[in-house]
Amino acid sequence: MEALYYEKRPTKAIYCKLCPHHCLILPGHCGRCHTRYNDAGILLALNYGQCTSIALDSIEKKPLQRFHPGSFILSLGSWGCNFHCSFCQNWQISQDTPSYEEISPQDAVHLAIQLKERGNIGIAYTYNEPIIWYEFLRQTAPLVHKAGLYNVVVTNGFIEEAPLRELLPLIDAWNIDIKSFDENFYLRRCNGTLSPVKRTIVLAAAAAHVEVTTLLIPGENDGIEEIEKTAHWLSKIDSQIPFHLTRYFPQYKMSLPATPISTLRSGAAAAKKWLDYVYIGNVPDDDLDQV
């Protein structure tokens, strides 16, 4: 399918305008996300309708703790990502070339409706980065609303303002990552930047339910001062934004040991100075509770 948000340049080169990377893509090449391909001057979304992961998850698994708690949501993922995080917890679909099944927007909504009897409330676009599944998301979300169901996006938040504003009326809840509150961390560990993510959170919080997640990595982004900075900034938007501090495990290119649960608890206590709802994630149920 032809992609949205791009600009044609001389010699059939293309500037992709979906995310802040603004990749200059030459004919026969892809952008950083590996999903947007220049076919002789036409930008194609290679992953349109290509579903690598599908499950009926609890809403809390997204994680969304304060959006229809106790319900379930049909979760769909594709492949690719516009970040290249060295610690990626889903690298098999975000950074590799996984197998997939074709699914249409109509098929996805039909399945979501069928699953209502099992507690399903809609569709979550998740697992890999849904922003680069933009065309499929943009076509599916209105059909989900028409069926009386909800749309949820679980994202790194790295999207340009124009495509984001087009999505805002269609999305009912967001979980947005703040990888770190340090721009250098984004450049060094994610090949991205923080500022566009902050803009996404501000705009999304004005339009829908938003929760924020930080994966705490030992010695990288788990300092109390940094966690407090993140929580303080979120509180200036809305002190009731739920903040999830989740446990890192060694994955992909990072072999640091898993985050100590004591670090998660200390960070959560610090964040609670600014925010009403702070949660710990990726730990056993008996250690998992709101602080």
Side-chain angles (χ1 to χ4, degrees), residues 57-73 75 119 121-126 130-131 141 144-145 149-159 161 164-165 167-182 186 194-216 221-247 259 261 263-283 285 287-291:
D57 288 333
S58 67
I59 196 73
E60 288 81 5
K61 190 177 177 180
K62 293 305 92 192
L64 290 171
Q65 286 285 349
R66 304 192 66 81
F67 183 77
H68 298 274
S71 62
F72 292 84
I73 192 156
S75 300
I121 63 169
I123 293 180
Y125 311 88
T126 179
I131 293 306
V144 170
H145 274 179
L149 299 170
Y150 296 111
N151 289 297
V152 168
V153 170
V154 182
T155 176
N156 63 26
F158 198 67
I159 183 174
E161 185 171 345
L164 172 62
R165 287 190 179 276
L167 284 184
L168 289 177
L170 301 173
I171 307 305
D172 303 288
W174 302 74
N175 186 288
I176 303 170
D177 284 347
I178 291 182
K179 307 290 186 181
S180 166
F181 214 61
D182 176 19
Y186 268 84
L194 171 61
S195 297
V197 178
K198 292 168 70 176
R199 177 184 62 205
T200 296
I201 292 171
V202 170
L203 293 176
H209 179 85
V210 167
E211 304 194 16
V212 171
T213 297
T214 296
L215 184 78
L216 290 187
N221 64 348
D222 63 342
I224 295 299
E225 182 178 352
E226 181 174 342
I227 293 169
E228 280 209 50
K229 283 182 179 178
T230 306
H232 184 207
W233 180 79
L234 289 171
S235 74
K236 290 188 288 185
I237 302 170
D238 186 345
S239 65
Q240 293 195 327
I241 291 177
F243 187 27
H244 301 259
L245 299 176
T246 59
R247 192 182 192 194
T259 315
I261 292 175
T263 298
L264 294 164
R265 290 198 172 280
S266 298
K272 191 70 167 81
K273 296 176 184 178
W274 300 103
L275 296 169
D276 296 339
Y277 306 109
V278 182
Y279 300 90
I280 291 171
N282 286 357
V283 300
D285 288 346
D287 288 319
L288 211 181
D289 264 319
Q290 181 184 337
V291 175

Gap between atom [atom2] of [Y] and atom [atom1] of [X] - 0.5 Å precision:
X    : Y    : atom1 : atom2 : value
I178 : L234 : CD1   : CG    : 4.5 Å
L194 : K179 : CG    : NZ    : 12.0 Å
T126 : K62  : OG1   : NZ    : 4.0 Å
I59  : F67  : CD1   : CZ    : 6.0 Å
L164 : L167 : CG    : CG    : 6.5 Å

So, using side-chain hydrogen bond (donor to acceptor under 3.5 Å, both in side chains) as the criterion, who are the partners of [X] when residues are at least two apart?
X    : answer
T200 : none
N221 : none
S180 : E226

**Report entry** Residue pairs fulfilling salt bridge (charged side-chain N to carboxylate O under 4.0 Å, His left out) with at least one residue in residues 198-209, sequence neighbours excluded
**Finding:**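 For residues 198-209, and leaving out neighbouring residues, the salt bridge (charged side-chain N to carboxylate O under 4.0 Å, His left out) pairs sorted by first residue read E160-R199.
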
Query raised in the report: Where the side chain of T155 meets the backbone of G157, is there a donor-acceptor pair that is under 3.5 Å apart?
Result: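 Between the backbone of G157 and the side chain of T155 there is a qualifying donor-acceptor contact (under 3.5 Å).
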
Report the residues that fulfil side-chain contact (heavy atoms from CB on, under 4.5 Å) with [X], sequence neighbours left out, ordered by chain and then residue number.
X    : value
E211 : L64, Q65, R66, N175, H209, P242, H244
S195 : E183
Q240 : D238, D276, Y277
S58  : E60, K61, F72

Which atom of [X] lies closest to which atom of [Y], heavy atoms considered:
X    : Y    : value
G281 : L264 : O-CD1, 4.4 Å
W233 : V202 : CZ2-CG2, 3.9 Å
G267 : I227 : O-CG2, 3.5 Å
R165 : L203 : NH2-CD2, 3.4 Å
I121 : S71  : CD1-OG, 3.5 Å

For [X], check ring-ring contact (aromatic ring centres under 6.0 Å, His included) against everything at least two apart and list the hits.
X    : answer
Y186 : F83
F243 : none
H145 : none

Would you say the side chain of [Y] lies within less than 4.5 Å of the side chain of [X], judging by non-hydrogen atoms?
X    : Y    : result
L215 : D177 : no
Y279 : T213 : no
I123 : L149 : no
V197 : N156 : no
N151 : V153 : no

Requested in this report: In sequence, state the C-alpha distance, the side-chain angles, and the governing distance for S235 and K273, and then conclude on side-chain hydrogen bond (donor to acceptor under 3.5 Å, both in side chains).
Outcome: CA-CA 10 Å; S235 74; K273 296 176 184 178; over 6 Å; no

Report task. Take L245 and T259, measure what side chain to side chain contact (heavy atoms under 4.5 Å, CB included) needs, and give me the verdict at the end. Result -> CA-CA 11 Å; L245 299 176; T259 315; over 6 Å; no

Report task. Could you please spell out the steps behind the side chain to side chain contact (heavy atoms under 4.5 Å, CB included) verdict for L168 and W174? Result -> CA-CA 10 Å; L168 289 177; W174 302 74; 3.9 Å; yes

Query raised in the report: Could you go step by step and tell me if I176 and V210 meet the side chain to side chain contact (heavy atoms under 4.5 Å, CB included) rule?
Result: CA-CA 7 Å; I176 303 170; V210 167; 4.3 Å; yes

Report task. Give a yes-or-no answer on whether the side chains of D57 and S75 include a donor-acceptor pair shorter than 3.5 Å. Result ->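 Short answer, yes.
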
